[in-house]
Structures are given as C-alpha cells and as structure tokens.
Amino acid sequence: MRALNNSYDVVVVGAGPAGSMASYNASKNGAKTLLLEKSQEIGTPVRCAEAVPRLEDFGINPDPSFVRSYIKGGYLIAPNGKQVVVKGGKTDGYVVERKVFDKYLAIRSGQAGTQIAVKSRVTGIEKTDDGYNVFVNYLGDEYIVKTKIVIAADGVESNIAEYAGLKSKKSHKEICSCAEYEMTNVKLLDNEMMEFYFGDICPKGYIWLFPKGDTVNVGIGIIDSKKRAIDYLDEFLTNPLVKGRLDNAVPVEFKVGGDPVGGPIEKTVADNIMVVGDAAGHVSPLTGGGIGLSMSCGLMAGDVAAQSIKAEDHSREFLSAYEKRWKEKYYKPLMKDLKYKTILQKLSDEELNAIADSIPENLEEVDVGKLAVKIVAKAPSLLRHFKELI
Ligand SMILES: Cc1cc2nc3c(=O)[nH]c(=O)nc-3n(C[C@H](O)[C@H](O)[C@H](O)COP(=O)(O)OP(=O)(O)OC[C@H]3O[C@@H](n4cnc5c(N)ncnc54)[C@H](O)[C@@H]3O)c2cc1C
C-alpha cells in the first residue's frame, strides 16, 4: 500500500466523522496527512440511529445522496402515553444514511489532500524523539508509519489514546448498550418528527423511532440492566404505546453498538497526540448524540494540528489550544447533560408521568417556577431531584 510507505505530519486513526473532519482541516491547512481506517469500507458497520444536526452549520450541503429525512423536532413520550413536543434548536436536522455520509466526509477529506488507507488497523503507537511510530496491519503485513502528530479518532473502542497514557477506562455503567432495527412499514406519528420513549420499558435509557425516508430506525439504549437491549426492544414492538403502528413492520437491517455517555475525558492532549470524538467522550450524556460534536471537535483538532506543524512545535503546551477550544465550547453543556441524565435515570414511571402531565402544549410560554410547583404537587417525591439541580 503506497500510502503506508511514507512519513507524515499528521496521522489520524479512524475514519468516522471525527477523523474525517480532523484530517480534512489538517490537509486544508497545509499539513501532510494520512487517515487510517480498519474497516474495508468507510462507514461500515453502522452503529447509529443516524440523526445529525444541521449540516449547513459545518459548511456541508445536505445532499440527497445521503440525506434520507428532514427532522423538525421530536415527541418525548411518557410511560402513560402523554406526548411533550419539542421543536427547533438541537432537534432540527436530518437523518442520514451513515454508510454514505461517513464515506462522503472521507472523500471530502481526500479531495482536500488527505492520503487514506482503508483495511488498515493501527495495532500500536510508539513515542519517538519528536513524534510517533504508528504500527499498521494491512492485509496481514506490518507497516511502521512515522508522524509528528497522531490524532486518535478511533471511537468508543478507542485504545490509541491509552497507548499514550491519556484515557481513563470507562466502566460499563458509562457505556450505553444499544440495539436497533431499521424497519419498513412503520406508521410514525409524524414523518418529520422523532419519537422518544422513557421509563421502565428501557432502564436508564430511551427507545427511539427516527424517520428515515421509506424506513424508520427503531432502537434502544440502556445501561446496567438485567436483560439484553434487544430483549427490551423486541418487547416494545408490541407495546400498547405503539399499538397498530408497528404491526406490519419488517426489519431490513439490525445494528448493535455502545455509546459512551459518561461525559468527556479530562486530558485530551499530550506531546504529539490529540484525542477526539467518541474516543474523548465527545457525546451528549443525555441524548447519546455524538456526530455533531465529533465533527466540530474534529475540525478544531485538525486546525490546531496544522498550526502546530507550521510553528514546528508539537508539544503538549502547543496542542493544548485544541483542548482549550473544545472545553470552552462544550465542557459545561456536556457536564450539564451528565447531571440531567443522572436525574432522568432515577425517575420512576409515576414521576415521569407527573412531569409530562404538567407540561403545557406550548413550552415557550412556560413559567418555570409555576411549572415546578405544579409538578411537585403531582409527585412530591420529585422535590429531591429539584434540589439536585440547584
Ligand atoms: C446505536 C447507536 C446509535 C447512535 N445514534 C446516534 C444518532 O442518531 N446521532 C448522533 O449524533 N450520534 C449517535 N450515536 C453516536 C455516534 O454514532 C458517535 O458519537 C459517532 O459515530 C462518533 O464519531 P467518531 O468519529 O468519534 O467515532 P466512530 O464513528 O466510531 O469512528 C471511529 C472509526 O475508527 C475506526 N477504528 C477504530 N479503531 C481503529 C484502529 N485501531 N485502526 C484503524 N481504525 C480504527 C473504526 O472502524 C471507526 O470507523 C449513536 C451511537 C450508537 C451506538
């Protein structure tokens, strides 16, 4: 493989959204960059519900080749069936075909100058005087690629950062176990709205229905439960909450995966290395969404990598500009989401019902104080959670 017989300014491990965006920005800003992906086809296997934020905010045209649905909001559905409608903001976006979308992002990076090697698994990295040796297995042959900077974008299964002593191990309580059917013949409440179900039917997580053109992603994410995610999902298919809407549904794809919802890791840079995306915990602990965050933090890492090459300074101090940038933008919101998730996980079905029953149709006209009093009147046990929020 020609691309592996070379040395680079920047080697990015993993061609997910984080890696493709990081390599795109590194190349665009002049760094000689290699993107390594262990899969033979970028974007596969898919382990995702495929909802992405407004792509226009990343300068990406929402091309029909990968956009399957436009999303204008979602229904949050309590155990008693009460629906709370949320629209705009973070719920505004698309459901994409990730196999095509991830490949599109890699192609875009290749067109900016990135060398790409697929079916190339990184098996280790070794610190050198000013950079790293990256060990790559390609079709059974071992290669050593020299680089000044490594960007670890190797997702939830990440071990590249740990080779550099950066990542703390996440416990199984911080990884959401997910299972998902992509199904056709599903009747949605609205073809432009997502549906989210909460409560005992999906312990410490939620069930989702995301419109995807002529199919729907029907999935579940749970934590630390007695049964497997797929068992809860199969039970849900006949739940009265979706009565008559999934009766004729047939799966055309099945996906499983882990979502790191324990919050961001603290240290994401060391000399000659940066960590980004799922590998860095750049995922909302509340929603499990990480594509937008990975893309955004990937751009930041690629930008700082290119600056570091120009400045001929690849030290931790220089690369800290990346950590400073993502923390300024995302650290507080991620920690807030972590707090909300922790509270949400403790709510009983009765408490979830009390909250949903008290929330008016028009959320914009809500007086938060009066709403809190109304909710606590319905379920006094909720008072302890309000105290946690203060
Ligand atoms: C079931 C499920 C549903 C989800 N739904 C959504 C959703 O609807 N919206 C959303 O925003 N987020 C969702 N997420 C989260 C989202 O998928 C991730 O946050 C996102 O993919 C992170 O991007 P990334 O580039 O960091 O990692 P990834 O997309 O995981 O990419 C990492 C890449 O690194 C490669 N790699 C790993 N190790 C090596 C190695 N040693 N050598 C070479 N290559 C390697 C992998 O093959 C992979 O291609 C979901 C997650 C799950 C599990």
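In each ligand, atom 1 is the first atom listed, and ligand 1 is the first ligand listed.
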Qualifying residues under side chain to side chain donor-acceptor pair (under 3.5 Å), relative to Q111, sequence neighbours excluded | none
Set of residues satisfying side chain to side chain donor-acceptor pair (under 3.5 Å) with respect to K103, sequence neighbours excluded = none
Every pair of nitrogen or oxygen atoms between ligand 1 and the protein that is under 3.5 angstrom apart - can you list them with their distances to 0.1 Å?
unit_1: ligand 1; atom_1: 5 (N); unit_2: A49; atom_2: N; d: 2.9
unit_1: ligand 1; atom_1: 8 (O); unit_2: E50; atom_2: N; d: 3.2
unit_1: ligand 1; atom_1: 8 (O); unit_2: A51; atom_2: N; d: 3.0
unit_1: ligand 1; atom_1: 9 (N); unit_2: A51; atom_2: O; d: 2.8
unit_1: ligand 1; atom_1: 11 (O); unit_2: A51; atom_2: O; d: 3.4
unit_1: ligand 1; atom_1: 11 (O); unit_2: G290; atom_2: N; d: 3.0
unit_1: ligand 1; atom_1: 11 (O); unit_2: I291; atom_2: N; d: 2.9
unit_1: ligand 1; atom_1: 12 (N); unit_2: G290; atom_2: N; d: 3.0
unit_1: ligand 1; atom_1: 17 (O); unit_2: R98; atom_2: NH1; d: 2.9
unit_1: ligand 1; atom_1: 19 (O); unit_2: D278; atom_2: OD1; d: 2.6
unit_1: ligand 1; atom_1: 21 (O); unit_2: R98; atom_2: NH1; d: 3.0
unit_1: ligand 1; atom_1: 21 (O); unit_2: R98; atom_2: NH2; d: 3.1
unit_1: ligand 1; atom_1: 23 (O); unit_2: S294; atom_2: OG; d: 3.4
unit_1: ligand 1; atom_1: 25 (O); unit_2: P17; atom_2: N; d: 3.2
unit_1: ligand 1; atom_1: 25 (O); unit_2: A18; atom_2: N; d: 3.0
unit_1: ligand 1; atom_1: 26 (O); unit_2: D278; atom_2: N; d: 2.9
unit_1: ligand 1; atom_1: 29 (O); unit_2: R98; atom_2: NH2; d: 3.2
unit_1: ligand 1; atom_1: 41 (N); unit_2: V122; atom_2: O; d: 3.0
unit_1: ligand 1; atom_1: 42 (N); unit_2: V122; atom_2: N; d: 3.0
unit_1: ligand 1; atom_1: 44 (N); unit_2: K38; atom_2: N; d: 3.1
unit_1: ligand 1; atom_1: 47 (O); unit_2: E37; atom_2: OE2; d: 2.7
unit_1: ligand 1; atom_1: 49 (O); unit_2: E37; atom_2: OE1; d: 2.7
unit_1: ligand 1; atom_1: 49 (O); unit_2: E37; atom_2: OE2; d: 3.2

Does a side-chain N-to-carboxylate-O contact under 4.0 Å join K72 and D190?
-> yes
Under 3.5 Å, is there a donor-acceptor pair linking the side chains of T33 and S23?
-> no
Examine F210 together with Y94 and report whether their ring centres are nearer than 6.0 Å.
-> no
With sequence neighbours excluded, residues passing ring pair (Phe, Tyr, Trp, His ring centres under 6.0 Å) with Y197 | F236
